[in-house]
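To start, the structure itself, in structure tokens.
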Amino acid sequence: MTATLIFYLLGAVALVTTALAIIQRNPVYAVIYLVKSIFALALIFYLLGAPLVAALQVIVYAGAIMVLFLFVIMMLEITPVSARKSSAPGWLSWTPVVLVALVLAVMTLLLIGLDPVAEQGIPRWHATPRDFGYALFNEYALAVKIISFQLSFAAVGAFHIGLTERRRARMEKDS
Amino acid sequence: MIVPMEHLLVLATLLFVLGFSCVLVRRNLILILIGVEIMINAVGLVFIGAAALWQQVDGQIMVLLLMAITAAEVAIALALVVHLHQRKQSIDVGLFDEMRG
Amino acid sequence: MADTLFTVVLILAKLALIFGVVLFMAAYLVLAERKILGRMQLRYGPNRVGPFGLMQPLADVIKLLTKEDFLPARADKWLFLVAPGITAVTALLVFAVVPFGPTIEVFGRTIPAAVVDLNVGVLYFLGVSSMAVYGVVLGGWASCSKYSLLGSVRGLSQMVSYELSLGLSLVPVIMMARSFSLHDIVMAQASVPFLLLNPVACFVFLICILAESNRIPFDLPEAENELVGGFHTEYSGMRFGLFFVGEYINLVVLGSLMTVFFLGGWHGPWLPPVVWFLIKVLMVCGLFIWIRACLPRLRYDQLMNLGWKVLLPVSLLNILVTGAVLLGLGL
Amino acid sequence: MSRHVFRDIRGTLQPFWVTLRNLFRKPVTVQYPEQKQQLPERYRARLILTRDPDGGERCVACHLCSAACPVDCISMQATEAADGRRYAAWFRINFTRCIFCGLCTEACPTKAIQVTADFELAGRDPLKLVYEKVDLLVDHCGNDNSYNFYHQTGIGVTAPRGENPQETKPMDVKDLMP
């Protein structure tokens, strides 16, 4: 009972903070609201029996990805003053959003209506880190390898894009 | 029993729509990327719910892999944002439409 | 019902106790640091307020509280006011999972000597300490000052880089203890502390927590002689005090985590467990102060090179070797 | 390369030993209000106006000290006695501005303004640090007991120009016709 109540509370928090995040003019505020939303989601994950993923959600999303966003915002020198000047979106651009939202709403309703499992409640269940680790490195070993390759490609790619013209020229001269 | 699966699906859908509208409506490159993050989060929520529903860890592992992919995506995307900012001194998507036919 | 009430009261009592002890320790660590640094530089340190300067923390608090709470004109007001709180609160939050003694018997019930004995305690610590960077970053950004911005950009990249090695240096510990719970990790060190079993991980962890707590030789975000105080340049009064106290709470917390992960927690002969825990924490804090007296600040590129080119490979290699050894021993 | 590694390791560990050794040494700090430091004899601090061996004021109000003063803390009003001897009607030093540089003593031709070793000039009221002639004038000769400016030079000319013996009258330039 308590868990159900907390779930709805957290769901409301996640929705409100996400909504606030997307209407902010100031990207720093958007990031902060999103961090709050991520926290709420992480707690929902914990309620749904995924403590490890909840912790990783905070460490990876809030601790690394959002910080990366902040880093770029600061590198681009968006100060509190200049952030207030950026433009607000026009009303016309909301039309595709409404259409897509309608499509998604219909899809979800159909899914809920047609799928017999959807009506049953999510049982109380807890995945230990040990189960998680066994499954990750036995059944999904290949996926882990592919993902790690992808991460290293991303690192190389980000390094290449991040090079300025001057440094690239210098590196070519050296080689 | 914590909560019906339907409610979780509705929550995830709402979050997804919010992220999607952010991507479509906002002109700021950084906010568009934030919209992508919101959508990925919503998908992760469904995965976790499914894992709990069927009491198997596969869904949670998918979320972990999703996080790794997101980290890679964000690294590349933000590097691109910095690169674009160096070229135009702005991160408004409206300025980067030279390939318009 | 009575059971729930009892649990709530117990948790509140433990919270109050820990809150009091940690704040007290943080306040007197400031004094201890000033005294020890002074003696190491052939000075006396503060000795005016009270006998041996023992009332100095009180005087500092009064001074900070009565100062003007200054808000820069172009600053982002809301974030500027919130940021110092984030630093202090995240540091305090970590202490929720730190076990400072073996399980205790109260009214016939066995309870862990920590606020909570979380089964993902290590991940909780990593998660909350990765939040600490927000205080530094938002404080610097909201001040709308060049020095603050530079300081917070530095702090951000430094803390993110060292977070990685910090997490990886804990993986061997988790492998050896076979648990994420801090209580289990301490129990696994009943005979030999992990410091002796895996000194490389301990060394990497020590360097990383030095960097995490923004102390010399890694105090680039503050760097008072190049950045005029870095991210807290524009802060005054109790808001600066919160940043300051947060740093020392962080010191206590990281010292106790060092104790838990590598120094065998409360295990020790003769003395009661809590006393052993306290002694070990104070020893780690003393080491931090000693390091501050000895080493100069690193240059920024040296800092990044150390983090990415030395600590990261070393900790990865250490995980590999530890795993191989554990596998070879058939554990 | 290997030499540098050893040097670096030594350089990292050595400070730990030095600071540990210092921890058990006696601090060199002088606990100021209780213990007073023995100041050097020629310490430059608070300024005084000295008298000549005969007990008269040395100051001749030449304004050289106030001209030399980099922070403009010295001011005075010159006047003449009946016998033509110049002296300061009032003499004022603002010690809230004085930086104890001692340039005024270098400039002084009569050795009137001199420095003392008294540096304790703190106070809550800044106006109390504006010293008048009464506060500045002492009844000793400072660090030169023999020098008396007017004995070297004599008091100035009392009679109008050209009226003294062995003197011709000054020429009237307007009057110089060919």
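Proteins get letters first, then strands, A, B, ... in listed order; numbering begins at 1 in each.
The line from CZ of R43(C) to CG of N22(D) is 11.5 Å long, rounded to the nearest 0.5 Å. The CZ atom of R39(C) lies 7.0 Å from the CG atom of L23(D); values are rounded to the nearest 0.5 Å.
Neither the backbone nor the side chain of L37(C) comes within less than 4.5 Å of any heavy atom of chain D.
Heavy-atom neighbours of F119(D) CZ from other residues, nucleotides or ligands within 6.0 Å: above the threshold of 12. More than 12 non-hydrogen atoms from other residues, nucleotides or ligands lie less than 6.0 angstrom from CD of E120(D). Within a 6.0 Å radius of CZ in R42(D), other residues, nucleotides and ligands contribute 12 heavy atoms or fewer. More than 12 heavy-atom neighbours from other residues, nucleotides or ligands sit within 6.0 angstrom of CE on M238(C). With a 6.0 Å radius and a threshold of 12 heavy atoms from other residues, nucleotides or ligands, R21(D) has its CZ atom above the threshold.
Across all their heavy atoms, L42(C) and T29(D) have their closest contact at O-OG1, 3.6 Å. Minimum heavy-atom separation, Q31(D) to N47(C): OE1-ND2, 3.3 Å. In this structure, T19(D) and M40(C) approach most closely via the heavy-atom pair O-CG, 3.5 Å.
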